[in-house]
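Everything numeric in this text was worked out from a predicted model, so none of it was measured. All ligand and atom numbering here is 1-based and tracks the order in the structure.
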Amino acid sequence: GHGNSHWSYAGKDKAEWASDFPHCGGHMQSPINIETGAALFSPQLEPILLPDYSLPPREKLRLQNNGHTVVLDLPRNLTLTGGGFPQPYQAAQLHLHWGSALKPGSEHTVDGHRYAGEIHVVYYSSHFDTIQEAQVEPGGLAVLAAFLQVGSEENEPYQHILDHLNDVHEEGEETWIPAFDVAMLLPDDLSRYFRYNGSLTTPPCYQTVNWTIFNQTIQLSPDQISLLEDTLHGDEDELIQDNFRLPQSLQGRSVLASFP
Ligand SMILES: NS(=O)(=O)c1c(F)c(F)c(SCCc2ccc(C(=O)O)cc2)c(F)c1NC1CCCCCCC1
Ligand SMILES: [Zn+2]
């Protein structure tokens with residue numbers, strides 16, 4: 001786990017976390033509410049490039065329940081470029097945030113709207129050898145985020161993960177799943193996104209994350225969303241639900257948009 005004191009989403013207001021993890025009380029925290037009308041159009045924000053994400057299916061990827069979310073470890077040779085980044089980033093892991101039957105659970109909101117869920121693909125700057133070194137340096141981390149919405153169609157790429165949730169329903173459990181093209185978990189349109197500087201949305205809340213939030217959303221079927229909400233257990237065998245942090249104030253930061 002992280003740090004010696006245990007945190008939970010129950011104490012999700014800043015005061016709780018900040019007492020044990022000082023960065024959580026900082027001025028560049030995530031998530032935020034994105035006010036689309038206030039976003040600044042920045043033409044230098046080129047499309048995100050995810051070259052060669054297809055992996056041989058004989059390769060296995062580790063899926064784990066860390067008590068707060070489900071995490072898929074990614075090969076570090078998957079690279080993130082374009083996007084106006086000063087240097088390439090290497091993949092580390094992806095994980096999800098979700099709500100519960102009655103409530104949506106995205107971390108970021110758009111004009112006050114909370115979506116059913118949110119995927120985060122976490123990368124670290126190629127200037128560093130490990131994510132541990134990168135995560136404490138400004139710009140050391142980049143997270144690609146996309147909103148999950150309830151739609152009518154089943155989302156096949158997401159089944160690669162959802163098919164294995166039962167194997168990791170207890171905290172600490174892990175399983176190995178056949179590798180697949182994880183770029184399929186992100187929207188088709190990687191040219192339209194919001195960009196701002198923020199933090200990890202979990203303790204230790206390091207303020208080292210370059211956030212990219214795609215404008216195009218991802219549709220999952222109601223059954224797929226329900227499976228995510230009703231399968232994973234964390235502390236004291238409680239269901240992991242509503243694993244999102246409340247929006248943090250911008251404190252003078254600007255949100256940029258790659259589109260007008
Ligand atoms: N939205 S986010 O990216 O801030 C994020 C969350 F909101 C998260 F909630 C999480 S999971 C909670 C943090 C955690 C707990 C246990 C372990 C472990 O036992 O290995 C690892 C991590 C989580 F893992 C992440 N992402 C991680 C943050 C941990 C440190 C940086 C490494 C990868 C990104
Ligand atoms: Zn996250």
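- Rounding to the nearest 0.5 Å gives a distance of 11.5 Å between NE2 of H127 and CD of E137.
- Ligand 1 lies less than 4.0 angstrom from a heavy atom belonging to H97.
- Atoms of ligand 1 found under 4.0 Å from any heavy atom of T69 (numbered from 1 in listed order, with element): 11 (S).
- Looking at heavy atoms from C-beta onward, F214 lies in side-chain contact with L186 at the 4.5 angstrom threshold.
- Distances from ligand 1 to the non-hydrogen atoms of Y9 include at least one value under 4.0 Å.
- Aromatic pair H113/Y115: centroids less than 6.0 angstrom apart.
- Of all the listed residues (V70, T201, I240), T201 holds the heavy atom that lies closest to atom 1 (N) of ligand 1.
- The heavy atom nearest to atom 2 (S) of ligand 1, considering only E107, Q132, H95, is found in H95.
- Residue H120 has at least one N or O atom closer than 3.5 Å to an N or O atom of ligand 1.
- Close approach to Q135 involves these atoms of ligand 1, each under 4.0 Å from a residue heavy atom: 30 (C), 31 (C), 32 (C).
- Counting heavy atoms under 4.0 Å from ligand 1, residue V209 does not touch it at all.
- The atoms of ligand 1 that sit less than 4.0 Å from any heavy atom of Q93 are 24 (F), 26 (N), 27 (C), 33 (C), 34 (C).
- Taking the six-membered ring where the residue is Trp, H160 and F180 present parallel rings, their angle staying beneath 30° rather than reaching 60°.
- Within H120, the N, O or S atom at minimum distance from the Zn ion (ligand 2) carries the name ND1.
- If you look at H95 and ask which of its N, O or S atoms sits nearest the Zn ion (ligand 2), the answer is NE2.
- Ring pair W211/H120: centre-to-centre distance below 6.0 Å.
- Ligand 1 has at least one atom lying under 4.0 Å from a heavy atom of W7.
- Here Y123 has no heavy atoms under 4.0 Å from ligand 1, in either its backbone or its side chain.
- With values rounded to the nearest 0.5 angstrom, N66 atom CG is found 7.5 Å from E171 atom CD.
- Proximity of a side-chain donor or acceptor of D73 to a complementary backbone N or O of A92 within less than 3.5 Å is not detected.
- Every atom of ligand 1 with a heavy atom of I131 under 4.0 Å away is listed here by number and element: 32 (C), 33 (C).
- Proximity of N66 to ligand 1 is established by a heavy-atom distance of less than 4.0 Å.
- No more than 12 heavy atoms of other residues, nucleotides or ligands shown are found within 6.0 angstrom of CD on E153.
- The shortest distance between side-chain heavy atoms of L185 and Y158 falls below 4.5 Å.
- Ring-plane geometry between H68 and W7 is classed as parallel, the angle between the planes falling under 30 degrees on a 0 to 90 degree scale with a further cut at 60.
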